[in-house]
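For reference, the structure is listed below as structure tokens.
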Amino acid sequence: MVDDRDREVCLEAPASRIAALSPGATELIWAAGAGDRVVAVVAYSDYPPEARQVTSVGSHTRVDLETLVYLEPDLVIGWITGNPPEQLETIEQLGLPVFYIEPRSIESVATTIERLARLAGSEAEGDEVAAAFRTGMRALAAEYADAEPVATFYQVWDEPLMSVNDEHLIGEVVQLCGGVNVFGELSRLVPRIDDEAVLAADPEAIIAGGMGEENRHWLTHWQQYPGLTAVARDNLFFVPPSLIQRPTPRLLEGSRILCEKLEVARGRR
């Protein structure tokens, strides 16, 4: 099976002891129908709830290699930009097969689930989940295909202030919902910006994820600028980050919420 670094990963038998080194990877393994084979996760692997019962081997930025080796995984799911490359290389040198993932588009979320299902021998369940995700996203795209454009700023982080460009998965969702990403043409996938750039762009809607599921304080920051169109029209919206910032099947739910927020903005013109 070819991973997202274009490496061929071959297993002698379906994986039966899987280590997932990011919350997103954990969720994708469960979506692929192989959650019962996960023996190691990292911090913040909180979905599905059963993942909280699995042994943690540190965080996505610092894996406890001794504990990981002790758990004897026969497949390690690494995140290309999320896990330190040197740690993943060390894991490979220890003889553990690493499958690198980095879903960068709506379609790649589905194909990642399908590939993980094949590695685990759970194709039937994984293919069903991937198909349902594709169907849901296509239906959403059709629903908003003719929607009036909404100039949108998606805030992915606050200090430093960061957004996403059109190549980012969230940027793809914004476009699907009829939004026009005001920072979409910037070259960096996750560009750093400042308040002045947001004021100059004057988005009609500001959408923030926040650091936690109920953490909306990032939006209150913008209320100091009553001249912003998004503030004047009360178009400051929150989307739970686990639904929009993790490339997993729950992205469908997050996308629905984001589309609904932009529809509210259209109604306030």
Side-chain angles (χ1 to χ4, degrees), residues 103-107 109 133-158 160-211 213-248 250-269:
R104 287 281 184 89
S105 67
I106 290 169
E107 173 59 20
V109 172
F133 175 74
R134 282 194 183 97
T135 299
M137 292 302 290
R138 286 170 183 160
L140 198 60
E143 182 179 350
Y144 290 94
D146 299 319
E148 287 292 318
V150 178
T152 304
F153 163 46
Y154 185 91
Q155 181 177 339
V156 74
W157 202 249
D158 68 335
L161 185 61
M162 302 172 94
S163 188
V164 297
N165 72 5
D166 282 342
E167 299 301 312
H168 195 284
L169 179 58
I170 298 171
E172 186 179 356
V173 172
V174 169
Q175 294 174 78
L176 179 149
C177 294
V180 177
N181 181 0
V182 296
F183 297 113
E185 295 184 359
L186 295 182
S187 59
R188 291 180 66 91
L189 200 66
V190 183
R192 291 190 180 190
I193 53 174
D194 54 26
D195 284 18
E196 287 69 27
V198 176
L199 291 169
D202 193 24
E204 185 178 351
I206 296 177
I207 299 175
M211 293 176 65
E213 298 305 280
E214 295 299 328
N215 183 1
R216 303 164 190 260
H217 77 274
W218 289 1
L219 291 170
T220 61
H221 168 82
W222 300 107
Q223 290 172 346
Q224 67 183 299
Y225 302 116
L228 268 177
T229 300
V231 175
R233 297 183 184 174
D234 196 25
N235 290 334
L236 303 177
F237 303 117
F238 172 81
V239 179
S242 66
L243 301 181
I244 194 74
Q245 292 176 192
R246 289 185 191 176
T248 73
R250 289 195 296 161
L251 180 68
L252 175 57
E253 185 181 347
S255 298
R256 284 197 184 109
I257 294 172
L258 195 151
C259 287
E260 289 165 3
K261 301 300 187 188
L262 295 190
E263 191 64 17
V264 168
R266 293 184 187 99
R268 290 175 174 168
R269 287 173 171 164

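Shown here are the side-chain hydrogen bond (donor to acceptor under 3.5 Å, both in side chains) partners of E107, two or more places apart in sequence or in another chain: R134.
In this structure, the separation between CD1 on I170 and CD on Q175 is 12.5 Å, given to the nearest 0.5 Å. Taken from CG in L140 to CD1 in I106, the straight-line distance is 8.5 Å, to the nearest 0.5 Å. Atom CE of M162 is separated from atom CH2 of W157 by 9.5 Å, given to the nearest 0.5 angstrom. A distance of 9.5 Å separates CG of L176 from CG of L258, quoted to the nearest 0.5 Å.
Side chain of D202 to main chain of L228: no donor-acceptor pair is present (N/O by atom type, distance under 3.5 Å, no hydrogens or angles). Using modelled atom types, one side-chain atom of N165 and one backbone atom of H168 make a donor-acceptor pair closer than 3.5 Å. Distance alone, capped at 3.5 Å, places no donor-acceptor pair between the E172 side chain and the D166 backbone. D158 contributes no side-chain N or O that, together with a main-chain N or O of L161, makes up a donor-acceptor pair within less than 3.5 Å. Of the possible donor and acceptor atoms, none in the side chain of R250 sits under 3.5 Å from a partner among the backbone N and O of I244. Formation of a donor-acceptor pair under 3.5 Å by the R233 side chain with backbone atoms of R269 is not found in this model.
A 6.0 Å sphere centred on CD of Q224 holds more than 12 heavy atoms belonging to other residues, nucleotides or ligands. Under a cut-off of 6.0 angstrom, the local environment of CZ in R268 is crowded, with over 12 non-hydrogen atoms contributed by other residues, nucleotides or ligands. Within a 6.0 Å sphere centred on CG of D146, heavy atoms belonging to other residues, nucleotides or ligands number 12 at most.
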| task | I would like to know whether L189 and R104 meet side-chain contact (heavy atoms from CB on, under 4.5 Å); could you show each step before the answer? | result | CA-CA 10 Å; L189 200 66; R104 287 281 184 89; 3.6 Å; yes
| Can you list the steps and then say if E263 with R266 is a salt bridge (charged side-chain N to carboxylate O under 4.0 Å, His left out)? | CA-CA 5 Å; E263 191 64 17; R266 293 184 187 99; 2.8 Å; yes
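Here the side chains of I206 and L219 are in contact, with some heavy-atom distance below 4.5 Å. Between Q223 and L236 the shortest side-chain heavy-atom distance falls below 4.5 Å. For the pair L243 and I257, the minimum side-chain heavy-atom distance is below 4.5 Å. With contacts defined as side-chain heavy-atom distances shorter than 4.5 Å, the pair I193/F153 qualifies. Contact annotation: the side chain of T220 never approaches that of W222 to less than 4.5 Å [non-hydrogen atoms, C-beta and beyond].
Closest non-hydrogen pair, V239 versus G254, comes out as CG1-O, 4.1 Å. Scanning all heavy atoms of the two residues, the minimum distance from S255 to C177 falls at O-SG, 3.6 Å. Considering every non-hydrogen atom in both T248 and F133, the closest pair reads O-CE1, 4.0 Å. When every heavy atom of L252 is checked against every heavy atom of M137, the shortest pair comes out as CD1-SD, 3.5 Å. In this structure, P203 and T229 approach most closely via the heavy-atom pair O-CB, 3.7 Å. The two residues Y144 and E260 make their nearest non-hydrogen contact at OH-N, 4.1 Å.
Aromatic ring pairs are classed by plane angle as parallel below 30°, tilted from 30° to 60° and perpendicular above 60°; the pair H221 and Y225 is perpendicular.
A side-chain contact (heavy atoms from CB on, under 4.5 Å) with T152 is found for one member of N181, I207, V182 and no other, namely I207.
In this structure, a donor-acceptor pair under 3.5 Å is present between the side chains of Q245 and Y154.
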